[in-house]
Protein chains: 2
Amino acid sequence: MTVRSISIKDVARRAGVSPTTVSRVLNNSAHPVNSKTRRRVKAAIAELNFHPNRLAQGLINNKSHLIGVIVHDLSDPYFAEMVKGMERVIIKYDYIVNIYNTSRDVDKELKAVDLLRANRAEAVVLTGGTLLDQHYREEMAGYIKELQSNGSIVLGVTAHPFNIKSIELGNSLAARLITNYLLEQGHRAIAYINGPAILGTTNERWQGFQEALLARKIPIRDKWIVAGDFSFEGGRRAARQLLDEITGLTAVVASNDEMALGVMWEFKNQGLAIPDDLSVVGIGNIPAAKYAYPPLTTIALPIFDLGVQIGEYLINTLGDKGSFNDQPEVQLSLVERDSVRSLLEV
Amino acid sequence: MTVRSISIKDVARRAGVSPTTVSRVLNNSAHPVNSKTRRRVKAAIAELNFHPNRLAQGLINNKSHLIGVIVHDLSDPYFAEMVKGMERVIIKYDYIVNIYNTSRDVDKELKAVDLLRANRAEAVVLTGGTLLDQHYREEMAGYIKELQSNGSIVLGVTAHPFNIKSIELGNSLAARLITNYLLEQGHRAIAYINGPAILGTTNERWQGFQEALLARKIPIRDKWIVAGDFSFEGGRRAARQLLDEITGLTAVVASNDEMALGVMWEFKNQGLAIPDDLSVVGIGNIPAAKYAYPPLTTIALPIFDLGVQIGEYLINTLGDKGSFNDQPEVQLSLVERDSVRSLLEV
DNA sequence: ATCGTTAAGGAAAACGATTTCCATTAGCTT
DNA sequence: AAGCTAATGGAAATCGTTTTCCTTAACGAT
């Protein structure tokens, strides 16, 4: 069905040279080629509209030019931005980025790694924290070892239980920053809405929140810490729980924006005004945070940048370049909008 | 650097057979293989943990197992969902999905097609409507022809200026549905906020809106049609324009959700209550639509489904399967939330 | 005993590139 | 004139598979 495409031999014939010479022209090889011959070959390439077959090149070079990315949910703008950042860099070096969306499904995750192995991916990026299931960890660890022993780079983003190089996103710092901001505005009665226990992200942010309070010797009250799941509905549930059980609260930090939005929604629904009655902040700066009413104060995770840096790291490592930024760090920033009321100016 | 990986020859040696036989076992070939031999080969495969090299297979089969997807913006949940749907199907058949994020940049778009050609992609999906730039159209058309003559499938999603098979998303129907809903609730003074003129989507939805009004012989007033750009800020601008220039409006349909959210935001900001003072609807049902206060009534584009159907179409076409749904149709649905007030019960 | 058929397996070519040798020529040096 | 080097080009092996022929052996039919 598929037509035989134009090969280096066709070019060679047309230019009246051997395939060897064509290859040398193609790769700017050190082996000298007469400039006249070179011109003839180039002309033939152009006339035939020849493009070297990557599969053949990959086979002989033992390079697939494939970089795999495993994400939980591509619809999460968080991951999408990262992939975009990576792709921006990687495409320049003619690498292919191959995405697997696993929906936190263990089997899909394993299948993804399996395929990446079969396709001899040169690098694999594991994003989105940890699944703690024992069986999964063992199988996955096996695959990872194999990939590594095949010479693939395996890179983790945020905490992973696997023994691989990981790039830190600054989750703990993010939580500390946003909490400090609240403290600086005079808030002392601050609730915290946690993420799902299974994720590394959850733990990291929770650490950051605690550090901020501890640094000012503000006690952490168990009742002010409520469980969440990183979803909008989870935020609403948490807000109801807070409203039922607690009085005297002046602010709440939700450990991600979706939940913060849910909290704001529920508060408004119960007749509270934001930020006048209660301040709310999140982490992540997702698009919807800007659309909220009032717009949500949050921490921007420059996730596109992170993607770019990951891309650069991979390209450099794959290319065995000498020196480069081996452990990229992203710059977090506070996005101050209108969901926080200052308690100072009273 | 990269280690030579285990090949079919290693397996053959270990099992005491020829590579031919190993290949036959691997592919369940019609050529008979003694069951005892077969067992030996399988054992060797397992012991060596052998996985056939896709590059080599692709080279000889003239198959890359690569499907390219070109999107404008992966962070747009719209595209992300589609990709997820495609991937869900495609992964089962061991195809690789290769995403290019072009940010509506002509050069990036061309570069993407270029790479896909070099990598011998078996199929290419072009999403996200049309860029009308003349130069771009010509170059792109050339690439597309080439891909096709190489035997690749090229598929468009929504209108394209290229002569390729396209899958319709139901944009016009979506606009008609949401407008009809407003009409059924008794609204007659309805404003419409358009998208960027350059996109096919814009035109299709605009058609749908007109059809709905025309069908009921309701005149379309020029002043009620305002320009937009599919962004949140664009929605806010449009809302201000509407507020300045027009009185007597009871509803506005924004041609996508982002703008609808912007409109709602600005109205609230100007002291209007939604839906009591003004009803607002959108198209798309993006995640943020649910988070809005009040939650936005809109049309859900079952875009994940569309992705699944595209995936199935591609797999079937690539596999030359006999009969399948050649022109998938997605099911639109009205998501009735709280941003519309009924004028009937007065 | 010979023939035909089928089962079973292997050798070698092929896919489209790259790379390692080797051959030829020209230009200098002495 | 002999010898050396550098420039230029090609032949053939190679990467890891699949596939097209071939060969051999076994077995039943005649």
Side-chain angles (χ1 to χ4, degrees), chain A residues 1-41 44-45 48-66 94 117-120 122 150-151, chain B residues 1-41 44-45 48-66 94 117-120 122 150-151:
Chain A
M1 180 200 138
T2 315
V3 193
R4 214 189 111 275
S5 59
I6 294 160
S7 86
I8 203 173
K9 284 184 202 164
D10 301 316
V11 177
R13 197 171 318 122
R14 172 134 192 162
V17 298
S18 75
T20 309
T21 303
V22 177
S23 171
R24 294 208 253 252
V25 171
L26 234 39
N27 300 298
N28 287 317
S29 140
H31 191 105
V33 172
N34 189 292
S35 63
K36 223 169 155 177
T37 317
R38 186 182 299 272
R39 226 172 305 129
R40 269 215 322 284
V41 170
I45 290 176
L48 295 177
N49 196 10
F50 164 76
H51 297 270
N53 183 325
R54 293 316 214 61
L55 292 172
Q57 289 181 318
L59 182 57
I60 191 133
N61 292 332
N62 201 9
K63 293 227 161 209
S64 61
H65 267 235
L66 192 69
D94 292 358
R117 192 227 282 121
N119 284 295
R120 307 292 190 267
E122 292 183 41
N150 283 343
Chain B
M1 182 198 136
T2 315
V3 194
R4 215 188 109 273
S5 59
I6 294 161
S7 87
I8 204 174
K9 284 182 201 165
D10 302 316
V11 177
R13 198 171 319 123
R14 172 132 190 162
V17 298
S18 75
T20 309
T21 303
V22 178
S23 172
R24 293 209 253 253
V25 170
L26 236 37
N27 301 299
N28 287 316
S29 139
H31 191 105
V33 173
N34 187 293
S35 63
K36 225 169 155 177
T37 317
R38 184 182 300 272
R39 227 172 304 130
R40 270 217 319 285
V41 170
I45 290 176
L48 295 176
N49 196 10
F50 164 75
H51 297 270
N53 184 326
R54 292 313 213 61
L55 293 173
Q57 289 180 319
L59 181 57
I60 193 134
N61 291 332
N62 201 9
K63 293 227 161 210
S64 61
H65 266 236
L66 193 69
D94 291 357
R117 192 227 283 122
N119 284 296
R120 307 294 191 268
E122 291 183 42
N150 283 343

(request) Ignoring backbone atoms, establish whether S18(A) has a side-chain N or O less than 4.0 Å from OP1 or OP2 of dG9(D). (result)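 Looking at the OP1 and OP2 atoms of dG9(D), neither is under 4.0 Å from any side-chain N or O of S18(A).
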(request) Taking only the side-chain nitrogens and oxygens of Q57(B), find out if one of them lies under 4.0 Å from OP1 or OP2 of dG16(D). (result)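 Indeed not, no polar side-chain atom of Q57(B) lies that close.
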In whole angstroms, how far is the [atom2] atom of [N] from the [atom1] atom of [X]?
X: K63(A); N: dA17(C); atom1: NZ; atom2: C1'; result: 16 Å
X: N53(B); N: dG16(D); atom1: CG; atom2: P; result: 7 Å
X: L26(A); N: dG16(C); atom1: CG; atom2: C1'; result: 12 Å
X: N62(B); N: dT18(D); atom1: CG; atom2: P; result: 15 Å
X: L59(A); N: dT17(D); atom1: CG; atom2: P; result: 9 Å
X: N61(A); N: dC15(C); atom1: CG; atom2: P; result: 20 Å
X: R13(B); N: dT17(D); atom1: CZ; atom2: P; result: 12 Å
X: K36(A); N: dT8(D); atom1: NZ; atom2: P; result: 13 Å

(request) Identify the residue among I45(A), T21(A), L26(A), T20(A) that makes a side-chain contact (heavy atoms from CB on, under 4.5 Å) with I8(A). (result)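 Per the side-chain contact (heavy atoms from CB on, under 4.5 Å) rule, the option paired with I8(A) is L26(A), out of I45(A), T21(A), L26(A), T20(A).
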Closest listed nucleotide, where the reference is the side chain of [X] and the choices are [options]:
X: T20(B); options: dA14(C), dG9(C), dT19(D); value: dT19(D)
X: K9(B); options: dG16(C), dT17(D), dC21(C); value: dT17(D)
X: N27(B); options: dG16(C), dT18(D), dT17(D); value: dT18(D)
X: P32(A); options: dA11(C), dA7(D), dC15(C); value: dA7(D)
X: N34(A); options: dT8(D), dT17(D), dT19(D); value: dT8(D)
X: F50(A); options: dG10(C), dT18(D), dA17(C); value: dA17(C)
X: V33(B); options: dA7(D), dT17(D), dG9(C); value: dG9(C)

Any base atoms under 4.0 Å from [X], or only sugar-phosphate, or nothing? Heavy atoms, all strands.
X: P52(B); result: sugar-phosphate
X: V17(B); result: sugar-phosphate
X: S7(B); result: sugar-phosphate
X: T37(A); result: sugar-phosphate
X: T21(B); result: sugar-phosphate

(request) Would you name the heavy atoms of S64(A) and L55(B) that are closest together and state the gap between them? (result) CA-CD1, 4.0 Å
(request) For residues R14(B) and A44(B), report the shortest heavy-atom separation together with the two atoms involved. (result) CG-CB, 3.7 Å
(request) Find which nucleotide of DNA chain C each of A56(B) and R38(B) is nearest to by heavy atoms, and output the residue with the more 5' nucleotide. (result)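 The residue closer to the strand's 5' end, by nearest nucleotide, is R38(B).
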(message) Judged by each residue's nearest nucleotide on DNA chain C, which is more toward the 5′ side, I8(A) or H31(A)?
(response) I8(A)
If we only count heavy atoms from C-beta on, is the [X] to [Y] side-chain gap below 4.5 Å?
X: V17(A); Y: V33(A); value: no
X: D94(A); Y: R54(A); value: yes
X: V25(A); Y: T37(A); value: no

(request) State whether the distance check finds a donor on one side and an acceptor on the other, under 3.5 Å, for side chain R24(B) versus base dG10(C). (result)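 Indeed there is one.
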